Amino acid sequence: MAKKLQSIRGIHDGLPEQVRCWQHIEQAARTIFERYAFSEVRLPVLEPTELFVRSIGAATDIVSKEMYAFVDQGGDHICLRPEGTAGAVRAYLQAGLTRSGAQRWYYMGPMFRRERPQKGRLRQFQQIGLEWFGVSGPVEDVEVLALAESFLKALGLVDLRLELNSLGCDQCRPVYRTVLVDFLRNAADRLCETCHERTEKNPMRVLDCKEERCQSTLREAPEITGHLCAACASHFEQLKLGLDALGIGYEVNPRIVRGLDYYNRTAFEFVTDRLGAQGTVLAGGRYDGLIEELGGPATPAIGFAAGVERLAMLLETPESPRPDFAIVSLGEQTLVWSLEQADWLRSQGFVVVHCGGGGAKRQFKLADREHARFTAVIGEEEMQRNLITVKDMETGEQRTMTRQEVVTFAHR
RNA sequence: GUGGAUGUAGCUCAAUGGUAGAGCCCCGGUUUGUGGUACCGGUGGUUGUGGGUUCGAGUCCCAUCAUCCACCCCA
């Protein structure tokens, strides 16, 4: 079948079954986040291209080749947001909230990256993001992790792994970087081609290499956690103490590197191995330099983003809602009255579908397919006597009763 | 951006280069107000699209698009 009109590659529709699952996830996020006193914000999908160049970093893949960026009719350079943090910071600054104390925000919505689609990766995908401005941690870092964990737990996801790292700060990261690059250059003959490139471009990424050969060499590589400055080391220690106290399990993984330039200190990922190559389901960290970078006062902050579609893949799709009543109307005379009864039952709080009249057999078939709990059979006899015949679709029993009886009968 | 696999009915899939089929779903029927089972019948396809080879292409070749998976990268 030739589909002449198709959605854009990697951009998929959310059909009812899918959306039910998303709503379940969003519902859990709202409940848990608000329990930590975070407030929802709704931010633009279109932003000035410049925003992401200055925040995420011009050299990152996201900015250099994955952004949907274009010039609009007025000559403005705009793009579809590839992530949420930069826009949130922009909004925070634009609203002049830098002197209003810490801000606790969360949001959910679509993000866009023009990548090659694969499992767990789409060009338009949804993130649930959370940002906490004006707090330096480590107490808040612990709380963010605790919040993230209870969110995932609320979804029934208990088999996720929390990987934790510290990326250091302006003081210690450059020092570590030179140590690492030295090591990598010395070991260059035992590393693969892409590792050579990454040594120059983004040395911490080398540690992530999937080549067996490289990994055995990299076992001796210096780790960031051994090169943190006193302040970062203490921050990291207190974070771990807090997690231990709350009974939150984690593994320190010195290899995790957040993809975007603005991260420092605490970095974390909740990972599953049930999702193929895209196992990261929720990830984030601290970005103490970003707000200043975008023109605000030096303000520490921490946040994370969760991939809704990835979470959805780990969950059972919830059952479709079952109507309480399917209205079966028999005989043309009863049609109007049956519509009134449908309306009335809805006003009593029931979910009601009308089977549209016509043959009895057809209507019962419809009622069956909708998985209605009851059918309300309305024929001339019922209409005359102001009664409704209610059939229990599971047991097959049916009884004629007054309209008030129907309500109490169905409500038990 | 690179590599591999796959595109036939709404869905899942058949069809030694020789007239495109099945199951499920959907619609209708098996005596006039009763579903889920059974039986009968029916709708439904320019074989993803465009070229090429051939007397003849769903089948072979090329291109293109899409999906899936992996790399890169990331939620």
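Because only heavy atoms are used, hydrogens play no part in the values below, and waters and symmetry mates are left out as well, while side chains stay in. Here the structure is a predicted model, which is why all the values come from computation and not from measurement. Letters go in sequence order (proteins before strands), and every chain restarts at 1.
- Judged by the 6.0 Å and 45° rule, A/Arg90 forms no cation-pi pair with A/Phe52.
- Take A/Asp159 and apply the side chain to side chain contact (heavy atoms under 4.5 Å, CB included) test, not counting sequence neighbours, and it matches A/Arg274.
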Given Watson-Crick and G-U pairs under 3.5 Å, RNA chain B in dot-bracket ([ ] crossing, | other strand) is (((((((..((((....[..)))).(((((.......))))).....(((((..]....))))))))))))....
I'd like a list of close polar pairs between nucleotides 1-5 of chain B and the protein, N/O only, cut-off under 3.5 Å.
from	atom 1	to	atom 2	distance (Å)
B/rU2	O4	A/Arg116	NH1	2.7
B/rG3	O6	A/Arg116	NH2	3.4

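- Taking the six-membered ring for Trp, A/Phe38 and A/Tyr106 have ring centres at least 6.0 Å apart.
- Note on A/Arg9: a side-chain N or O is less than 4.0 Å away from OP1 or OP2 of B/rU67.
- Taking atom P in both B/rU16 and B/rC72, the straight-line distance is 41 Å, to the nearest Å.
- The CH2-P distance, from A/Trp22 to B/rA75, rounds to 19 Å in whole Å.
- At least one donor-acceptor pair under 3.5 Å links the side chain of A/Gln363 to the backbone N or O of A/Ser329.
- Relative orientation of the A/Phe268 and A/Phe304 rings is perpendicular, given thresholds of 30° and 60° on the angle between their planes.
- Judged purely by distance below 3.5 Å, without hydrogens or angles, the side chains of A/Asn253 and A/Asn165 never pair a donor atom with an acceptor atom.
- Remark: A/Lys153 fails to qualify as a cation-pi partner of A/Phe151 under the 6.0 Å distance and 45° angle criteria applied to the six-membered ring.
- For the C1' atoms, the distance linking B/rC25 with B/rU43 amounts to 12 Å, nearest Å.
- For the P atoms, the distance from B/rA38 to B/rG45 is 27 Å, rounded to whole Å.
- The distance from atom NZ of A/Lys119 to atom C1' of B/rC69 is 9 Å, rounded to the nearest whole Å.
- Remark: the separation of the C1' atoms in B/rU46 and B/rU30 is 38 Å, to the nearest Å.
- Contacts of A/Gln278 with the nucleic acid, taken as non-hydrogen atoms under 4.0 Å apart, include base atoms.
- As rounded to whole Å, 17 Å separates atom C1' of B/rG36 from atom CD of A/Gln363.
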What's touching nucleotides 30-35 of chain B from the protein side, N or O pairs under 3.5 Å?
from	atom 1	to	atom 2	distance (Å)
B/rG33	O6	A/Glu382	OE1	3.3
B/rG33	N1	A/Glu382	OE1	3.1
B/rG33	N1	A/Glu382	OE2	3.2
B/rG33	N2	A/Glu382	OE2	3.2
B/rU34	O2	A/Lys391	NZ	2.8
B/rU34	O2	A/Gln398	OE1	3.4
B/rU34	N3	A/Gln398	OE1	2.8
B/rU34	N3	A/Gln398	NE2	3.3
B/rU34	O4	A/Gln398	NE2	2.8
B/rG35	OP1	A/Lys361	NZ	3.2
B/rG35	O2'	A/Asp368	OD2	3.2
B/rG35	N7	A/Lys391	NZ	3.1
B/rG35	N1	A/Met393	O	2.5
B/rG35	N2	A/Asp368	OD1	2.9
B/rG35	N2	A/Met393	O	2.7
B/rG35	N3	A/Asp368	OD1	3.1

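- Using modelled atom types, no side-chain atom of A/Gln23 and backbone atom of A/Arg20 make a donor-acceptor pair closer than 3.5 Å.
- Comparing A/Thr280 and A/Gly276, the nucleotide of RNA chain B nearest to each residue sits closer to the 5' end for A/Gly276.
- When the shell of 6.0 Å around CD of A/Gln171 is examined, it contains 12 or fewer heavy atoms from other residues, nucleotides or ligands.
- Between A/Gln6 and B/rA66 there is no side-chain polar atom (N or O) within less than 4.0 angstrom of OP1 or OP2.
- Note on A/Glu293 versus A/Arg54: no salt bridge recorded, every NZ/NE/NH1/NH2 to OD/OE distance being 4.0 Å or above.
- Separation of the P atoms belonging to B/rA14 and B/rG52 is 29 Å when rounded to the nearest angstrom.
- Residue contacts shown for A/Leu122 include a base, since a base heavy atom lies under 4.0 Å away.
- Side chain of A/Arg113 to main chain of A/Pro82: a donor-acceptor pair is present (N/O by atom type, distance under 3.5 Å, no hydrogens or angles).
- Between A/Phe133 and A/Trp105, the distance from one ring center to the other falls under 6.0 angstrom.
- The same atom, P, is picked in B/rU67 and in B/rG58; the two are 26 Å apart, to the nearest Å.
- Of the P atoms belonging to B/rC61 and B/rG4, the separation is 15 Å, rounded to the nearest Å.
- Proximity of A/His12 to the phosphate of B/rU67: a side-chain N or O atom is located under 4.0 Å from OP1 or OP2.
- Spacing between atom CG of A/Asp61 and atom P of B/rC72 amounts to 11 Å, rounded to whole angstrom units.
- The residue A/Gly120 sits close to a base: some heavy atom pair falls under 4.0 Å.
- Residues satisfying the salt bridge (Lys or Arg N to Asp or Glu O under 4.0 Å) criterion with A/Glu340, sequence neighbours excluded, are absent altogether.
- Atom-to-atom, CG of A/Leu152 to P of B/rA75 comes out at 15 Å; the value is rounded to the nearest Å.
- The separation between A/Met67 atom CE and B/rC73 atom P is 18 Å, rounded to whole Å.
- Rounded to an integer number of Å, the gap from CD of A/Glu66 to P of B/rA75 is 10 Å.
- A/Gly10 comes within 4.0 angstrom of sugar-phosphate atoms only, judged by non-hydrogen atoms across all strands, and of no base.
- Within the structure, the ring-ring contact (aromatic ring centres under 6.0 Å, His included) test picks out the following pairs touching residues 155-188 of chain A (sequence neighbours left out): A/Tyr176-A/His227.
- Among the heavy atoms of the strands lying under 4.0 Å from A/Ala305 are primed sugar atoms or P, OP1, OP2 only; no base atom is included.
- Rounded to the nearest Å, the gap between the C1' atom of B/rG41 and that of B/rG18 is 32 Å.
- As a whole-Å value, the separation of A/Leu314 CG from B/rA75 P is 16 Å.
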